[in-house]
Amino acid sequence: MKSAIHDLLRAAVATLAVDGQFDSSTLPAPQLDRTRDVMHGDFATNIALLLAKQFGMKPRDLAQQLVSALPASPLLARVEIAGPGFINFFLTEAAYHAEIPRILQAGHNFGRSQHGAGQRVQVEFVSANPTGPLHVGHGRGAAYGAVVADLLAAIGFDVHREYYVNDAGRQMDILGTSVWLRYLELCGENLRFPSNGYKGDYVWDIAATLHREHGDAYRVDAVELFANLPVDAATVDEPPRENGDKEAHIDGLIAAAKRLLGDNRYRYVFELGLNVILDDIRADLAAFGVEYQEWFSERSLTESGAVNRAIARLRSGGHLYEQDGALWFRSTAFGDEKDRVVVRDNGQMTYFASDIAYHMDKLERGFDRVIDIWGADHHGYIPRVKAALTALGDDVNRLDVLLVQFAILYRSGEKAQMSTRSGEFVTLRQLRNEVGCDAARFFYVMRRCEQHLDFDLDLAKSQSADNPVYYVQYAHARVSSVLRQAVEKGLALEPSAGVTNLELLTAEHELALLRTLTRYPELVETAALRAEPHQLTQYLRELANDFHTYYNAQQFLVADVALRDARLKLILATRQVLRNGLNLLGVSAPESM
RNA sequence: GCGCCCGUAGCUCAGUCCGGAUAGAGCAACGGCCUUCUAAGCCGUGGGUCGCAGGUUCAAGUCCUGCCGGGCGCGCCA
């Protein structure tokens, strides 16, 4: 609908440009906006104000000429010039009525478009280390990423959803070692669990599996294991101690574990921990309605030689240097605040080295656009990744990093704190079980991603008007209920009947609802392009409000057959749009509540 | 100290990209609406120096500069 009016406007501007000897390509493209106030019509443009200077005319005079140059259209009831020179477009009721069969015919495709056709986009999100269950912070990234991906797919992009699995590195060694130590305790060994180890119950569970299936096959003498290790720091329950170093202690434990178990047995414990947790994350996300095309292994980057290749490319470009026994990337040459180590003095690759290789690999896979969705605490990491891509000679503009701020849970006004390491956290699974997937998905994307999210558990659970997700779902259920009763009373409409009777929809509430319905395709497109799912939640609340208002003002199942038919078509179209929008959010559209 | 994000009604937030018309919504408060399709709903009323100060502009919540407040980050951790 908007594009039709936009075409008329562009034609008028082009006509005037020719008359006035202007090259239309040098003029700003006319913007057409939805009006805020119905007094200003349906659409408005400020193009006369913007072009007045170039055309050497007063804005209102230019506006008048533009209006005269507008091609005739059955969509336009009238066009007015207002204020300093705005041009306001008032659409005919028929223009709105014609949208109803369009919505009904398009069905679940209404709002979808081919805007991004032919372009491949990768969206990488969540990518939490598989060292424990996902917590509520990951949940926001999951919901946000999934909806952004679905929005982009809705406007025609070929979307590749990916989870980067950190299945290598020190944190995973700490997890494997934590599992093994718990196992030793189950074997009856007496030991002091390291302050830096993973203390969650899930570690005990994995250790119990190992013990149940393999008995004492992985047991060693704890006294021998802990001999000659650097002193650990104090845990939170212990009095402070001097000279403790939790990092050196855990690294010593990892090295001892590898030595005492040998490669094969160490590997087995490590893999057991990784696989159990990764399976849990997969199941958790699947239950949350989040699906991926690919789970990309960090380890595979080393095995495929991608990391070495990335380093070689940086080296041949002269971007690497050695200092203090380590290999550094001169990222300051590309705007980073300091240079970064890619190979440590002990020969180990840093996480950053893998990440360079990963992003190099992403671009090599030919995506037109690569979107990373990270927690806001990683924002300092953006300059170095972009620096690396620039140094590699890749087009850094293909990468967008979107930062998602923290989600803070509130229960009866109190914050719920979370930390994976201490084992005291609220998991995504707990949240899903408590408030349900629908409320969780909706609440997570209700705010702009740059905004801290106050997640009110009590509100998310409440079945009342306060709860926006129920409010929208209730509108859908209400339409369904009316349609059910129409069938029961033998009043079912014939959806294929086309535009017949729609001219009877002239009440203010009906036209307001229609106006909102026709905004949907525009809304989906901007929400997708700007990666702003909250626009969709906002819109659905407005649409639900328009419907509830209409519902309270008019009876649908009236005796007048023609009027009833028209109203049923309108609410059927409303249900379709509610359903399409909820579907994009990953929220169910219940037939009854 | 440096960098990123945020600051709009009592509360939670839209609106800022790309400057436009009297700054919007929900909650909370107050007052109405169920013999009629689900009251999980609707309608109405009150409530704002858009953090502060300058600047640009015909026009600034929106753009620029400087402050102030809050969050996060500044490892040869991931």
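Labels below follow one simple rule: chain letters A, B, ... track the order of the sequence lines, proteins then strands, and each chain is numbered from 1.
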Q. Hey, are Arg369(A) and Asp400(A) close enough for a salt bridge, meaning a charged N less than 4.0 Å from a carboxylate O?
A. yes

Among residues at least two apart in sequence or on other chains, which ones pass salt bridge (charged side-chain N to carboxylate O under 4.0 Å, His left out) with [X]?
X         : answer
Arg448(A) : Glu450(A)
Asp251(A) : Arg170(A)
Arg564(A) : none
Arg36(A)  : none

Q) So what does Ala82(A) hit on the nucleic acid, given a heavy-atom distance under 4.0 Å: a base, only sugar-phosphate, or nothing? A) base

**Q.** Gln485(A) or His548(A), whichever maps to the more 5' nucleotide of RNA chain B
**A.** Gln485(A)

Q.
Counting Watson-Crick and G-U wobble pairs with both distances under 3.5 Å, what is the dot-bracket string for RNA chain B, 5' to 3', using [ ] for crossing pairs and | for pairs to another strand?
A. (((((((..((((......[...)))).(((((.......))))).....(((((..]....))))))))))))....

All side-chain hydrogen bond (donor to acceptor under 3.5 Å, both in side chains) counterparts of [X], not counting sequence neighbours:
X         : answer
Thr45(A)  : none
Gln535(A) : Thr526(A), Glu532(A)
Thr332(A) : Asp339(A)

Q.
With a 4.0 Å limit, can you tell me whether Asn545(A) has a side-chain N or O closer than that to the phosphate oxygens OP1/OP2 of C42(B)?
A. yes

Q | Residues that His378(A) engages under side-chain contact (heavy atoms from CB on, under 4.5 Å), provided they are two or more places apart | A | Trp374(A)

**Q.** Partner set under side-chain contact (heavy atoms from CB on, under 4.5 Å) for Glu298(A), not counting sequence neighbours
**A.** Tyr164(A), Asn166(A), Asp167(A), Ala168(A), Tyr351(A), Ser354(A)

Q: Using a 4.0 Å heavy-atom cut-off, write out nucleotides 14-20 of chain B from 5' to 3' as B (base contacted by protein), S (sugar-phosphate only) or - (no contact).
A: SSBBB-B

Q) What does nucleotides 73-78 of chain B look like as a protein-contact string, B for base, S for sugar-phosphate only, - for none, at under 4.0 angstrom between heavy atoms? A) SS-BSB

Q.
Checking contacts here: which listed nucleotide (C43(B), A39(B), A40(B)) is nearest the side-chain heavy atoms of Tyr551(A)?
A. A39(B)

